[in-house]
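To start, the structure under review is shown below, and the notes come after it.
When a residue number appears, it is its place in the shown sequence, counting from 1. Computed from a predicted model, the values in this text were never measured in an experiment.
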Amino acid sequence: MSDSVTAGPAEWINLPDVSAKLDVSISKVHQMIRDGHLLAVRRDGVRVVPADLVANSTVLKHLPGVLTLLRDAGYNDEEALRWLYEPDETVDGCAAKGLGGHRAREVKRRAQALGF
């Protein structure tokens, strides 16, 4: 991903901090990103993850599935990040926040509908 993706998340976490928060090796964090279980972007040359996507010492439960649905719909990582942070009050402000709450099912449904 490029440095051009900066809109959306209020807070970013660098990969070593993600590793510490998840209590996994940095290699595992890189693998999660490669496998599409987590999104990372470059900001000022450093790869970072939106803090909203890593909550309570785990990746949001539904994030990997939603990322898969978005990729199946033809979204690249930049487009997926934009979709997750597009303002939408019907899902707690944006899809990324909705995934962490009671709106996760609706977020997944909307992501699935993008493929049709």
Going through the checks in order, is the side chain to side chain contact (heavy atoms under 4.5 Å, CB included) test met by Val54 and Val49? CA-CA 8 Å; Val54 182; Val49 172; 4.0 Å; yes
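- Between Glu106 and Arg109, at least one side-chain N (NZ, or NE/NH1/NH2) sits under 4.0 Å from a carboxylate O, which counts as a salt bridge.
- Trp12 contributes atom CH2, which lies 11.0 Å from atom CG of Asp44 (distance to the nearest 0.5 angstrom).
- The cluster map of Ile, Leu, Val, Met, Phe, Trp and Tyr, joined by side-chain heavy atoms under 4.5 Å apart, puts Leu114 and Leu69 in different clusters.
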Give the table of side-chain donor-acceptor pairs shorter than 3.5 Å for residues 58-68, with sequence neighbours excluded, one pair per line with atom names and distance.
unit_1	atom_1	unit_2	atom_2	d
His62	ND1	Lys108	NZ	3.3
Thr68	OG1	Pro64	O	3.0

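- Ala40 and Ile33 get closest at one heavy-atom pair: CB-CD1, 3.6 Å.
- Nearest approach of Val107 to Trp83, heavy atoms of both residues: O-CH2, 3.7 Å.
- Note that CD1 of Ile26 is 12.5 Å distant from CD of Gln31, once rounded to the nearest 0.5 Å.
- Residues in residues 20-38 take part in no salt bridge (Lys or Arg N to Asp or Glu O under 4.0 Å) pair, two or more places apart or across chains.
- Using a 4.5 Å cut-off on side-chain heavy atoms (C-beta onward), Leu84 and Leu39 make contact.
- Remark: the backbone N or O of Leu22 is not paired with any side-chain donor or acceptor of Ser57 at under 3.5 angstrom.
- Within the structure, salt bridge (Lys or Arg N to Asp or Glu O under 4.0 Å) pairs that include any residue of residues 84-94 comprise Asp88-Arg110 (at least two apart or interchain).
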Could you walk me through whether Asp77 and Arg71 pass the side chain to side chain contact (heavy atoms under 4.5 Å, CB included) test, one step at a time? CA-CA 8 Å; Asp77 288 347; Arg71 287 190 178 99; 2.5 Å; yes
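- Note that the NE2 atom of His30 and the OG atom of Ser19 stand 8.5 Å from one another [nearest 0.5 Å].
- Of all non-hydrogen atoms in Asp17 and Ile13, the two that sit nearest each other are CB-CG2, 3.3 Å.
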